[in-house]
Amino acid sequence: QTIKTSKQNFDLSIELHGPWHPEDIGQLEFVSDYDIEGLRNHYQTFGLGVPLIAVRAKHAGKDPAEQYYPAGFTFPLTAFLRMHRVSSDVAMASGDAPKLRCVIELHDSLSNNHLEVNQRLVPLETDLSIPLGYFLDNPHLNTDKIATLGLRRPEEAKGFQGIYMLEPFDPEKIPVLMVHGLASSPTTWMEMFNDLRALPELRDRFQFWFYLYPTGQPFWISAAKLRADLEEIQHTFDPQRQNPAFCKMVLVGHSMGGLVSRMQVVEGGNEFWRIISDKRFEDLKTDADTREKLQRILFF
């Protein structure tokens with residue numbers, strides 16, 4: 001846009017810096033318009049710029065990560081206005097008002113909290129916690145309802161099951177997958193997530209993912225589904241299995257989530273089948289679909 005005043009003309013543009021794309025931004029809010037409640041710690045840094053809440057827009061596209069983003073989640077940005085004087089001599093000679101080129105730079109607060117200004121490195125003002133609180137206050141999230149539904153009517157909650165990401169996939173970072181417990185949901189991890197993500201030495205090396213599953217179903221069925229989901233997400237981001245970060249994945253499980261996580265790192269052998277039957281699995285008389293499901297759940 002061009003903004004004209006009595007003494008100055010401004011050519012204004014916006015640039016986005018970081019892993020996000022312009023179409024990812026559906027809405028922007030000022031952090032200063034909100035207070036935070038419910039999160040024990042508030043993580044912010046002080047410096048130049050204006051901290052913002054970016055509400056991500058769902059959009060169709062070729063980005064394979066789209067299926068792993070929850071609806072309406074937010075990410076932190078900082079806006080910084082950089083001004084460049086252009087054509088001042090020409091403008092003065094022609095009698096026109098001097099022109100300034102102004103760029104509003106939107107910086108991802110998780111990947112950049114410093115900026116070079118006039119050959120000096122200066123800190124950016126950032127806020128990591130209020131954007132997270134804004135997301136958790138989203139009425140469409142309704143995690144208590146999802147957690148209760150997953151416990152009481154697990155069949156109806158299977159549509160929500162899966163791995164969720166709150167930042168773009170980074171092949172240089174080790175995934176940390178957090179698996180909740182009985183009658184719960186990924187929001188049980190938000191206090192820990194808020195604390196861990198605030199530490200630069202951790203967020204520079206790790207990316208945090210969350211697993212949601214209906215806790216009313218037997219945990220070894222949830223474990224089998226998680227194995228399949230982990231295979232799928234690796235096929236999506238590392239189809240050639242050449243990314244060493246994937247091989248260093250960390251699983252953090254609470255309560256029942258600990259059982260689900262444990263079953264990702266053990267060899268099943270025949271032990272689980274022996275709990276059910278003293279006959280050979282090969283002698284089981286059933287249809288092919290049931291046999292395949294049992295084999296996937298019990299042998300791994």
Side-chain angles (χ1 to χ4, degrees), residues 67-68 70 143-165 169 174-189 192-193 206-300:
Q67 61 182 309
Y68 299 109
T143 52
D144 289 339
K145 181 179 179 180
I146 293 173
T148 303
L149 187 68
L151 176 65
R152 299 180 61 186
R153 297 196 294 274
E155 288 296 323
E156 297 180 26
K158 284 188 175 181
F160 302 109
Q161 186 166 359
I163 297 173
Y164 289 90
M165 302 164 52
F169 174 75
I174 298 171
V176 177
L177 180 65
M178 298 182 172
V179 188
H180 63 81
L182 183 69
S184 188
S185 73
T187 55
T188 193
W189 299 108
M192 181 184 290
F193 174 57
F206 298 95
Q207 52 193 327
F208 299 96
W209 299 350
F210 305 90
Y211 193 59
L212 173 62
Y213 65 99
T215 59
Q217 70 184 3
F219 71 85
W220 49 8
I221 294 179
S222 300
K225 183 64 168 64
L226 177 54
R227 282 194 293 276
D229 289 341
L230 288 172
E231 288 278 353
E232 181 180 348
I233 198 170
Q234 182 165 27
H235 181 74
T236 298
F237 295 114
D238 183 30
Q240 304 302 320
R241 297 178 178 267
Q242 296 177 340
N243 185 348
F246 250 106
C247 299
K248 297 178 181 179
M249 182 183 294
V250 179
L251 299 180
V252 183
H254 171 247
S255 188
M256 180 182 283
L259 299 175
V260 173
S261 299
R262 177 67 175 169
M263 290 178 72
Q264 310 305 310
V265 296
V266 298
E267 295 286 345
N270 287 311
E271 298 304 315
F272 288 96
W273 172 247
R274 288 173 181 165
I275 295 173
I276 295 174
S277 175
D278 57 0
K279 307 295 184 182
R280 295 194 316 158
F281 182 77
E282 293 78 7
D283 297 334
L284 179 67
K285 296 179 180 180
T286 186
D287 60 89
D289 184 54
T290 301
R291 179 183 296 274
E292 189 275 329
K293 287 181 180 178
L294 284 171
Q295 190 164 14
R296 186 173 65 248
I297 292 169
L298 297 171
F299 298 93
F300 52 89

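- For R262, the CZ atom is loosely surrounded, since the number of other residues' heavy atoms within 6.0 Å does not exceed 12.
- The distance from the CE atom of M192 to the NE2 atom of H254 is 9.5 Å, given to the nearest 0.5 Å.
- A heavy-atom distance below 4.5 Å is found between the side chains of L226 and L230.
- H180 has its side chain within reach of W189: a pair of non-hydrogen atoms, C-beta onward, lies under 4.5 Å apart.
- Rounding to the nearest 0.5 Å gives a distance of 10.5 Å between OG of S185 and OH of Y164.
- We find the CD-CZ distance between E271 and F299 to be 10.5 Å, quoted to the nearest 0.5 Å.
- With values rounded to the nearest 0.5 angstrom, N243 atom CG is found 9.5 Å from I174 atom CD1.
- P186 is not listed as a side-chain neighbour of M178, based on a closest heavy-atom distance of 4.5 Å or more.
- For P70 against M165, the heavy-atom pair with the smallest separation is CD-O, 3.3 Å.
- Judged by distance alone, with hydrogens and angles left aside, the side-chain atoms of Q264 form a donor-acceptor pair with the main-chain N or O of V260 at under 3.5 Å.
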side-chain contact (heavy atoms from CB on, under 4.5 Å), that's the test. Do F169 and T236 meet it? Break it down for me. CA-CA 10 Å; F169 174 75; T236 298; over 6 Å; no
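- Aromatic ring pairs are classed by plane angle as parallel below 30°, tilted from 30° to 60° and perpendicular above 60°; the pair Y211 and Y213 is parallel.
- When every heavy atom of P175 is checked against every heavy atom of A245, the shortest pair comes out as CD-O, 3.4 Å.
- Among all heavy-atom pairs drawn from A147 and S184, the shortest one is CB-O, 3.5 Å.
- Counting all heavy atoms, side chain and backbone alike, G216 lies closest to P154 at C-CG, 3.8 Å.
- Applying the 6.0 Å contact sphere to CZ of R296 captures more than 12 heavy atoms from other residues, nucleotides or ligands.
- Classified by interplanar angle (parallel below 30°, tilted 30° to 60°, perpendicular above 60°), the ring pair W209/F237 is tilted.
- Within the 3.5 Å criterion, the main-chain N or O of K279 finds a donor-acceptor partner in the side chain of W273.
- In terms of heavy atoms, G162 sits closest to D229 at CA-OD2, 4.0 Å.
- Side chain of T286 to backbone of R291: no donor-acceptor contact under 3.5 angstrom is found.
- When side chains are defined from C-beta on, Q217 counts as touching K158, because their heavy atoms get closer than 4.5 Å.
- Inter-residue side-chain proximity for L294 and F281 is flagged as met; some heavy-atom pair is nearer than 4.5 Å.
- If you take CG on L177 and CZ on F210, they are separated by 9.0 Å, rounding to the nearest 0.5 Å.
- Annotation: the span from W220 atom CH2 to I297 atom CD1 amounts to 8.5 Å, rounded to 0.5 Å.
- Minimum interatomic distance between A157 and G150 (heavy atoms only, all atoms of both residues): CB-CA, 3.7 Å.
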